[in-house]
Amino acid sequence: MSEKTDINAEMNRLLARATRDRSDIEDLVVVPVFAVIVALILGAATMLATGVDLATIGKSFVALFVGSVGSLNAISETLTAAIPLVLAGLGLALGFRAGLFNIGAEGQLLLGGVAAVVFGFSFPDLPFVVLMPLCLLAGALTGAFYASIAGALKAATGAHEVISTIMLNLISYRLLDYLLRSPWIQKEGRSDPISKSVPDNAQLPRLLDWIEPNLRLHAGIFVMLIAVFVVYWILFRSKIGFAFRASGENPDAARYAGMHSGLIIVAAMASAGALAGLAGAAQVLGVLDRASPGFSAGIGFDAIAVALLGRSHPLGVLFAGVLFGGLEAGGRQMQVDAGVSIDIIGIIQALIIVFIAAPLLVRAIFPWGFRRTGDNHGGKGK
Amino acid sequence: MDVELRGITKRFGPVVANDGVNLTIRGGEVLGLLGENGAGKSTMMNILSGLYRPDEGEILVNGKAVVFEGPGDGISAGIGMVHQHFMLVPVFTVAENVVLGVEPTGRLDYLDLKTAREQVREINDEYGLEVDPDALIENLPVGIQQRVEILKVLFRSADVLILDEPTAVLTPQEVDEFFEIVKSLRDAGKAIVFITHKLHEILEISDRISVLRGGRITGEGDPKTVTTEELAEMMVGRPVSFEVDKTPSQPGESMLEVRDLVVLRDNDEIAVDHLSLNVRSGEVVGIAGVQGNGQSALVEAITGLTRPVHGEILFQGADITRSSVRARHRMGMAHIPEDRHKSGMISNFTVAENMVLNSYYAPAFSNGPQIDWRRVNQTAAKFCVDFDVRTPSVFLRAGNLSGGNQQKMVVARELERETRLVIAAQPTRGLDVGSIEYIHERLIASRDEGDGVLIVSSELDEIMGLSDRILVMFEGRIVAEFDASKGPVDRNAVGLAMAGAAA
Amino acid sequence: MTVATTNTATASGQKLDVGKQRRARITGAVMIGLALLVLLVLGVDGGEQATFRLSRPTDTWVLPDLVVPAGPFNYVAATVLAFLGARQFLQGGVRWTSLSLGFGLAILVMAFLVWATAGKAFSLTGMLQATMVRAVPIALGGLAGVLCERVAVVNIAIEGMLLAGAFTGALMGSLLGGWGGLVAAVAVGGAFGFFLAALVVTFRMDQIIAGVVINLFVLGLTSYVSSQVFADLRHLNNAPVFRAWKIPVLSDIPVIGPMLFYQNIFVYGALILVAIATYYLFHTRSGLRARAVGEHPRAADTLGVNVYRTRYIHVTLGGMVAGFGGAWFTLGSVGRFDENMTGGRGFIGLAAMIFGRWHPVGALAAALVFGFADSLQQKLALLRTPIPSEFLAMSPYIATIIVVAGLVGKARPPAADGKPYVKE
């Protein structure tokens, strides 16, 4: 009898959750905050170095703030910019968790966008409730298909996905050029490469135009929020997500545990591509109305930064995507108000990732922000 | 040359690997350093070779205190180390590996490989090592690779040679040859430190023995007078019996039958060469053999990780040659992988997640596509209690457990369910004696419940202690079979078979 | 005293060439497919002839034009391809896989050229010269990759380093003249190499992420400065261009003379650097140590080779080579910087490195193939072929994917490639 209670006590002890370690909080909160602040300061230094005077720098930071959260329009712009970043970022985060470094979000996004456009103008007579979701689906499926090429190659031959997705990106640019010039896609009467427009009943409806007609926030934000939830569920609640994560952490152990590594790679890559394709579709159906060369505007690469900043966690990706969307929207305001080129935002974003991805660097620069690490991260005695 | 360690202490975070160690090494003598895994042997030798710096204490070379700043300093002071895991570049030739770091050069930094080759030949001849300087390392068997390691140390005119677990990869016959080389080095005036956890070897080769336990020197012995029992007690801290307690086996129906199996390695070499074997319920079959003779490929084929190119595998009479890993697992096959870090567990996952690594999909742990984490965690806690996995919580990162507890976690996952056949590859490699005994008991318990048990190990002692039947594997084939149920098996005969002598 | 060696000779066992046979069969199928392609798509009717000009009328030695009857030539080409393909399925085909594949590809390119030129004339010399010029940044990018990956640092940032070199070349070239710009470009490339090394070696950042970040950073910085500063101050973006130097006598050799000996400093520089790198990596002490660091860093460390310093040095050198290659875009061609003007050449350089099996000469050869495809694409527009030029432009990338996938010919990277080294 007493033995049994002992076992129960023992099991309760084992099932008690430990409180979060201080180093976890440092990693999740302190490092990202430091990263953003330092990147902004270095951005200011860059402006200073290119002959922008202090008053203008001050003005540009005010513009950055006002342009991102200072008004309803600013918030609408921030969220609009965040939608594709979060969607593509979720795809990359899912890939990272499965141990796949998908650099090809840009290409998947481009082709997904084109597919959505083509589907839209090909069936203009379908009703909105059918056509719009089908356009999104077309984008997602195309992205998934394009990404799964790299996945299938890795699964079948071990070809490294970094190289193959880079190549698939380069291929997608040429393919886009070709498609936009082909007669059934190119807009009538145009000689430059640009696609026909998406019909109204395929577009993601604007949500706030009843307040003010130029507010661009569109229904893609619901797609984004649903995607955040779904990716969270997949990663941390579902069986397939467990297999993704196991395979990402230790592919050998996953294989030994009977998980089918090839299928996992293809499935994870396809899901990542589907989300990137969805991002492209949301962008053309909600904002651009048509496809043109380079319409992705580097979202696929910024999404890598978003996924890293979000620590490959769906909620983190949501925060990071909104932050980057804010930088994007604020940057435009900055260019208008202070005459500082929006390209400065690219520098700031790159610097943020440098600090995020190299926490040791942040610790080296700001030793006082952290508990001394030498004691608890020492090697195992052997 | 004489070397003395005085009061050496080395800490890794909270772990004290060496605690005030004193040790004297003399020229023309073989010092045997005995200790079980994790006793701090490797740390001490890494300090001596300059790879680590001690937190306290000093090193004296010929009576003078020296400070080593990096691995180069140990070598230049005449102390060379042969690591347990060889430090050889596989795509370089023997000569390139030997001269790396002290290369003969001409003008314009030109690498003078001709001189290098000649210098290697000279040392070769002096000590009778017989290694071809132009051979590529990746084409050499491990026994020869080890000689290249010794060549490297001699090339740097080391007077002190530290040999870390040098016999782990050798056949008993290769060990004899290796001991001849060690003796000739000793007779040439070199000081040798021979690190091992194998008692009979240390008695055979050493002139003096020191025993390390928990980072401290716990005893010294004269190999002429000390007994293995005394050494074992010094090493473990309590009397140890190396006999595994077990009743005679009661073999029943056939559990696993392998017929005419051929398995290839990644590079298309034949790893398993038309091999047949069978394992019956209620018996332990041990496969002895030096690493690299196809044992891993055999295990991978039986567990479904690789597809054989020829032959068939029957499990309880059913053909499973083409079944998936998961299907075999479901049928009751348990697999304890040979390298838990590489393939047995996921360090960044929690103990609970690791406990369901291969059964998470089962109805017991899931609702449709969703995992039922509450049930997973409770089951994991029960496994931990049942298999004595010492962890503060099932939510701890598995990587933070000690090696013994990690292995017990893997064993718990594999055995805590209805099993019919247990495949255990190197089940106790790198573990302390306590964990080894525990895992051995569990394997025998599985046998007594009527499972078939197949054990693959390169530790001959483990095979001899556990098996009811011993198969010896050499170059992909079973070259000998011994029945251990009727009486003790001749250790020498097994050793000869491992070297491929019997046919 | 001698010790008998027990199992030296037999231990590695027999080999079954299953994988090789599979590759041979795939190669064979591909070649037969190509034969059909030549026959059906590139088939030429009637008696049209393709004319290749081998020299210009002003050259010292004037060669007659090479005139090929297009139809028969391509029938022969298809037959040879089909024969080579069928050969792969027969016994012993395994031994000939790589050779037949190279030969088959050469025939395919010839057949393609003949088909595209049928009934027209085409200057081969000009084409080869253009090939060399276009190969330069790719070859230098590839060489930068070789230097980094031989010490096991994956450099995705070659693209960014090229862009930084191009930008610096334009800016400093405008201020200090061509040579000043060149030196500055090399220095800035080296600085980014050093930065990459610091991120991945000292701060143990993931190598792929570090590369991606540097690319984004350089793209942001150069775009920012060019739109913020160059837009107003045009004289800062107007650098002199290095002219071609004609090497006497050698440049008069027909066909290859202009390709190799009538070029600017970047072409000569690339050829010399490839030669130096080959000698350095495979015939010097430092090269041996560098390769050891790339293959087995712990072994190198135990022998007193400083792994971290070796990586810093080589990644910095790689950055300098990429900076030199980047300067080609401005100082070697147009003298002016445009946003993102490298357009993915750095990634193609990475592909050239893989294609060239991590060897400087291999990277150069691959760069020439890519340069050829690039210049052919330009020429195709002139010849007005029905194949869209975009598809030809894709071919190097598709070829790279095929090589990385190991479908034809397997390449082996340095063993420790991409793995950070943590001292115990």
Side-chain angles (χ1 to χ4, degrees), chain A residues 46-47 49-52 101 103 149-150 153-154 156-160 162-164 166-179 181-182 298 301-302 304-305 308 335 339-354 356-364 379 382, chain C residues 154 156 159-160 195 198-200 202-206 208-229 231 233 339 343-344 347-348 350-351 354 388-394 396-407 410 413 418 422-424:
Chain A
T46 312
M47 289 192 244
T50 51
V52 180
F101 209 116
I103 298 202
I149 296 175
L153 281 170
K154 185 180 172 99
T157 70
H160 202 294
V162 167
I163 304 293
S164 51
I166 286 176
M167 294 303 140
L168 287 170
N169 273 348
L170 296 169
I171 291 171
S172 75
Y173 303 154
R174 313 286 174 169
L175 202 57
L176 183 69
D177 283 347
Y178 172 73
L179 289 174
R181 280 184 195 283
S182 59
F301 293 112
D302 292 343
I304 298 175
L308 291 174
Q335 186 157 10
V340 175
S341 164
I342 190 172
D343 292 316
I344 191 79
I345 298 300
I347 302 177
I348 293 172
Q349 288 175 341
L351 287 169
I352 290 177
I353 328 170
V354 172
I356 287 294
L360 288 177
L361 181 62
V362 182
R363 280 164 204 264
K382 207 205 150 193
Chain C
V154 172
I156 298 280
E159 175 74 6
F195 183 49
L199 289 180
V200 302
T202 306
F203 298 110
R204 275 184 239 138
M205 191 162 157
D206 181 277
I208 306 289
I209 296 176
V212 169
V213 162
I214 291 181
N215 287 338
L216 288 176
F217 179 75
V218 174
L219 181 63
L221 191 65
T222 54
S223 304
Y224 169 73
V225 176
S226 69
S227 59
Q228 187 76 22
V229 181
L233 308 167
E339 269 185 39
F347 293 126
I348 306 177
L350 204 63
I354 296 168
S389 65
E390 286 93 351
F391 284 92
L392 191 68
M394 282 178 208
Y397 315 132
I398 295 172
T400 303
I401 291 180
I402 291 172
V403 168
V404 174
L407 294 181
K410 190 92 187 167
V422 185
K423 279 184 121 157
E424 278 186 354

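Every heavy atom of this structure was used, including side-chain atoms; hydrogens, water molecules and symmetry mates were not. The structure presented is a predicted model; accordingly, all values stated were derived computationally and were not measured. Below, chain A is the first sequence line, B the second, and so on; all start at residue 1.
- Considering every non-hydrogen atom in both Q228(C) and V52(A), the closest pair reads NE2-CG2, 4.0 Å.
- Considering only heavy-atom pairs separated by less than 4.5 Å from chain C, the leading option among F101(A), Y173(A), F301(A) is F101(A).
- For L308(A), the part lying near chain C is the side chain, with the backbone staying farther off; criterion is any non-hydrogen pair under 4.5 Å.
- In this structure, chain A has heavy atoms under 4.5 Å from both the backbone and the side chain of I209(C).
- Looking at V354(A), the atoms closer than 4.5 Å to chain C (heavy atoms on both sides) sit in the backbone and in the side chain alike.
- The side-chain hydrogen bond (donor to acceptor under 3.5 Å, both in side chains) pairs that include a residue from residues 343-354 of chain A are S341(A)-D343(A), D343(A)-S227(C), where partners are two or more places apart or lie in different chains.
- Annotation: the span from Y397(C) atom OH to I171(A) atom CD1 amounts to 8.5 Å, rounded to 0.5 Å.
- Note: H160(A) NE2 to I354(C) CD1 = 9.5 Å, rounded to the nearest 0.5 Å.
- Using a 4.5 Å cut-off between heavy atoms, T222(C) makes no contact with chain A at all.
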Checklist entry - Between T46(A) and Y224(C), is a side chain to side chain donor-acceptor pair (under 3.5 Å) present by the stated rule, with each step listed? => result CA-CA 10 Å; T46(A) 312; Y224(C) 169 73; over 6 Å; no

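- For the atom pair CD1 (I208(C)) and CD1 (I103(A)), the distance works out to 6.0 Å, reported to the nearest 0.5 Å.
- Proximity to chain A (any heavy atom under 4.5 Å) is shown, for V213(C), by both the backbone and the side chain.
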Next on the checklist: side-chain contact (heavy atoms from CB on, under 4.5 Å), that's the test. Do M205(C) and L361(A) meet it? Break it down for me.
Outcome noted: CA-CA 9 Å; M205(C) 191 162 157; L361(A) 181 62; over 6 Å; no

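- Among I344(A), L168(A), I352(A), the residue with the largest count of heavy-atom pairs under 4.5 Å with chain C is I344(A).
- Under the side-chain hydrogen bond (donor to acceptor under 3.5 Å, both in side chains) criterion, S223(C) pairs with no residue, sequence neighbours left out.
- Annotation: maximal heavy-atom pairing with chain C below 4.5 Å, among Q335(A), R174(A), M47(A), R181(A), occurs at R174(A).
- With rounding to the nearest 0.5 angstrom, the CG atom of L170(A) is 10.5 Å from the CE atom of M394(C).
- Residue contact with chain A, scored on non-hydrogen atoms closer than 4.5 Å, involves the side chain of I156(C) exclusively.
- L350(C) CG to I163(A) CD1: the interatomic distance, rounded to the nearest 0.5 Å, is 4.5 Å.
- In this structure, CD1 on I166(A) lies 11.0 Å from CD1 on I348(C), to the nearest 0.5 angstrom.
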